[in-house]
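Notes to accompany the following structure.
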Amino acid sequence: MKAEPESRIVKGKDVKFSIDDLRDMSESLSPWDGVRNFEARNIMRDQMKVGDKVLFYHSNCKTPGVAGTATIVREGYPDYTAFDVEHPYYDAKSTDPSMPKWYMVDVKFESKFSDILSLTRMKEIEQLKDMVLIKRGRLSVQP
């Protein structure tokens, strides 16, 4: 799962979210909201299960790569931020909460790596050559 660890302002709000931000949250737990890609949504809604392990990936930064790990603690449920006009990820086409278009999961911090496992390094590891991240790097949530 990818997040941006450096500040980026959307609708006047900073949407940065790093492995440290997750660790520092109450109970080291957070909803993974704001995903607005149907393929990524489907993975969260249909495939992620409580107990699944997650690689927490820092993207859109100087050294993109895996920063640590987390665990799914709540399976897919409607992403309420899509209905909140004040939220950076509000979706004007999401008009009926009884028929949600977007979903999210809850994740809990597990570990922070001492060093980022960079995308460059991951591409050099033969066992990872078929990993979705290597083949289709733009998808924010991957199996």
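Just so it is clear, the structure is predicted and the values come from calculations on it, not from any experiment. Index from 1, following the sequence.
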Roughly how far apart are [X] [atom1] and [Y] [atom2], rounded to 0.5 Å?
{"X": "Ser18", "Y": "Glu6", "atom1": "OG", "atom2": "CD", "value": "10.0 Å"}
{"X": "Arg45", "Y": "Asn42", "atom1": "CZ", "atom2": "CG", "value": "4.5 Å"}
{"X": "Glu27", "Y": "Phe109", "atom1": "CD", "atom2": "CZ", "value": "14.5 Å"}
{"X": "Leu133", "Y": "Leu139", "atom1": "CG", "atom2": "CG", "value": "9.5 Å"}
{"X": "Asp33", "Y": "Tyr103", "atom1": "CG", "atom2": "OH", "value": "15.5 Å"}
{"X": "Ser98", "Y": "Asp96", "atom1": "OG", "atom2": "CG", "value": "3.0 Å"}

Which pair of non-hydrogen atoms, one from [X] and one from [Y], has the smallest distance, and what is that distance?
{"X": "Tyr80", "Y": "Pro31", "answer": "OH-CG, 4.0 Å"}
{"X": "Asp84", "Y": "Tyr90", "answer": "O-CB, 3.1 Å"}
{"X": "Pro143", "Y": "Ile43", "answer": "CD-CD1, 3.5 Å"}
{"X": "Thr69", "Y": "Ser111", "answer": "OG1-OG, 2.6 Å"}

Non-hydrogen side-chain atoms of [X] and [Y] separated by less than 4.5 Å:
{"X": "Val54", "Y": "Ile72", "answer": "yes"}
{"X": "Asp20", "Y": "Lys112", "answer": "yes"}
{"X": "Ser30", "Y": "Asp106", "answer": "no"}
{"X": "Val107", "Y": "Thr71", "answer": "no"}
{"X": "Lys16", "Y": "Pro5", "answer": "no"}
{"X": "Gln142", "Y": "Tyr57", "answer": "no"}
{"X": "Met44", "Y": "Val35", "answer": "yes"}
{"X": "Lys123", "Y": "Thr120", "answer": "no"}

Whether [Y] and [X] form a salt bridge (side-chain N of Lys/Arg under 4.0 Å from carboxylate O of Asp/Glu) is what I want to check.
{"X": "Arg8", "Y": "Asp14", "result": "no"}
{"X": "Lys101", "Y": "Asp79", "result": "no"}
{"X": "Asp130", "Y": "Lys135", "result": "yes"}

Side chain to side chain contact (heavy atoms under 4.5 Å, CB included) for Arg36 and Thr81? Distances and angles first, verdict last. CA-CA 11 Å; Arg36 300 295 181 260; Thr81 67; 3.1 Å; yes

Does [X] belong to the same Ile/Leu/Val/Met/Phe/Trp/Tyr cluster as [Y], with side-chain heavy atoms less than 4.5 Å apart forming each link?
{"X": "Met104", "Y": "Ile19", "value": "no"}
{"X": "Tyr77", "Y": "Phe38", "value": "no"}
{"X": "Ile125", "Y": "Met131", "value": "yes"}

Around atom CD of Glu124, are there more than 12 heavy atoms from other residues, nucleotides or ligands closer than 6.0 Å? yes

Taking atom NZ as the centre, does Lys49 end up with more than 12 heavy-atom neighbours from other residues, nucleotides or ligands that are less than 6.0 angstrom away? yes

Decide yes or no on ring-ring contact (aromatic ring centres under 6.0 Å, His included) for Phe83 and Trp102, but give the supporting numbers first. CA-CA 10 Å; Phe83 305 105; Trp102 304 111; over 10 Å; no

Show, in sequence, the C-alpha distance, side-chain angles and deciding distance for Met1 and Leu55, and conclude whether the side chain to side chain contact (heavy atoms under 4.5 Å, CB included) test is met. CA-CA 6 Å; Met1 299 180 84; Leu55 295 175; over 6 Å; no

Assign the ring pair Phe56 / Phe17 to parallel, tilted or perpendicular, where the plane angle (0 to 90°) is split at 30° and 60°. tilted

I would like to know whether Ile134 and Leu119 meet side chain to side chain contact (heavy atoms under 4.5 Å, CB included); could you show each step before the answer? CA-CA 8 Å; Ile134 305 300; Leu119 180 58; 4.0 Å; yes

Using the side chain to side chain contact (heavy atoms under 4.5 Å, CB included) rule, take Leu117 and Met122 through it: C-alpha gap first, then chi angles, then the decisive distance, then the call. CA-CA 7 Å; Leu117 176 56; Met122 292 173 75; 3.6 Å; yes

